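Data first, discussion second: the structure below is written as structure tokens.
Being a predicted model, the structure only gives us computed values, none of them experimental.
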Number of protein chains: 2
Amino acid sequence: MTERPDLDEIDRRILRELQADGRIRINELADRVGISHPNCLRRVRALRSSGVIKAIRATIDERRLGYEVVSFVTIQLESQHQTALGAFEAAIMPLPWVQQCWRISGDADFLLKCVSTGVEGMSRQLRQFAALPGVRAIRSFPSLGQSKDEPLPIPGHGDGAPG
Amino acid sequence: MTERPDLDEIDRRILRELQADGRIRINELADRVGISHPNCLRRVRALRSSGVIKAIRATIDERRLGYEVVSFVTIQLESQHQTALGAFEAAIMPLPWVQQCWRISGDADFLLKCVSTGVEGMSRQLRQFAALPGVRAIRSFPSLGQSKDEPLPIPGHGDGAPG
DNA sequence: TGTGAAAGAAAGTCCAT
DNA sequence: ATGGACTTTCTTTCACA
């Protein structure tokens, strides 16, 4: 929320560690990045309150919770006006099985990540999308599994230039 | 990794809390879910080592790190044989700007989430994908922002049935 | 900023149930 | 599998350099 203009190398190291293990102890973290504990604590707090760190959360195995199907869905609306886009977002907001919604450009207006307990659930969801006002086209991409999930590359050591 | 067949209501509460705040203290967590600290600690460890909790990590604001563009890319290969799919996955594995890769079915074989410092970087990435062997079709969906990002719905109180 | 100290809180261990 | 008591270890703040 607050502004935090420039991150130095220490901050970037902190971010790397926190992406690898969000529950790392402040002491351990301070040792790894090479600063004192109090300073490290201050920096972590600043990074969190400034919004550079959006959140620290557990990610859960969908299947172990009974969600057998993860699917991606692109949605194209009939109109790309703010009101139509906003109305769609408002409509999917209360649906708990829509985990993520991204506004995109290209052949569609939204990309959604959905979870369901089975294929019946998935097709029910697609019908529900189709019933929303202003929806022109729906494309569904059931996931067969995730083959890569890496933290954000953080420039500054040997992480490879981002391009 | 180890098997952990059934989660009880306490476990589900723990998962909810840990999705909301991955750095919550064991004591606080124990209070919230209504069990003792040692028991809570045991459960959290079990959930982590059994793989129900895949990870606890910080998520970082891409823009604050200089990534102005987040884009989704679908890739269709010429062949859907294991060898071709595996080769593609191996090829994108070392690319740090490919943050996620999902195997999908539908009009494409893979859905990628990519980050770059600007539109030039993005088009460079697309050219790089096009140069990979066996790539038939590429579709790019530059993101205009994320409008929803919610934790996995965990059944068991008023979270709404997942369908 | 780093250092060291010191209070307070939490984590981790063991045991009885 | 659980909660209680205990010991050890962290977190957090502060004064000082």
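Between the CZ atom of Arg25(B) and the P atom of dC10(D) there is a distance of 13 Å, given to the nearest Å. Atom CG in Leu41(B) sits about 16 Å away from atom P in dG4(D), given to the nearest Å. Between the CG atom of Asn39(B) and the P atom of dA5(D) there is a distance of 16 Å, given to the nearest Å. Going from atom CZ of Arg42(A) over to atom P of dT11(D) covers 15 Å, rounded to whole Å.
Under the 3.5 Å distance criterion, with hydrogens and angles disregarded, a donor-acceptor pair is assigned to the side chains of Glu89(A) and Ser147(B). Trp97(A) and Gln99(A) share no donor-acceptor pair across their side chains, judged by distance under 3.5 Å alone.
Counting heavy atoms from C-beta outward, Arg57(B) and Asp149(A) have side chains that approach closer than 4.5 Å. Residues Trp102(A) and Pro142(B) are not in side-chain contact: their nearest non-hydrogen atoms beyond the backbone lie 4.5 Å or more apart. Within the 4.5 Å cutoff, no side-chain heavy atoms of Ile75(A) are placed close to those of Arg136(A).
Side-chain proximity of Pro38(B) to the nucleotides dG4(D), dT11(D), dT2(D) is greatest for dG4(D).
By the 4.0 Å N-to-carboxylate-O rule, Arg12(B) lies too far from Glu17(B) to be salt-bridged with it.
Two different hydrophobic clusters hold Met122(B) and Leu152(A) under the rule that ILVMFWY side chains link at heavy-atom gaps under 4.5 Å.
Between Arg23(A) and Cys40(A), the one whose closest nucleotide on DNA chain C sits nearer the 5' end is Cys40(A).
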Item to complete: Test salt bridge (Lys or Arg N to Asp or Glu O under 4.0 Å) on Glu9(A) and Arg13(A) and set out the steps.
Response: CA-CA 6 Å; Glu9(A) 177 57 28; Arg13(A) 279 190 215 151; 3.6 Å; yes
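Residues from residues 29-37 of chain B with heavy atoms under 4.0 angstrom of DNA chain D, sorted by number: Ile35(B), Ser36(B).
In 5' to 3' order, the nucleotides of DNA chain C bounding all contacts with chain B (an atom under 4.0 Å from a heavy atom) are dA10(C) to dT13(C).
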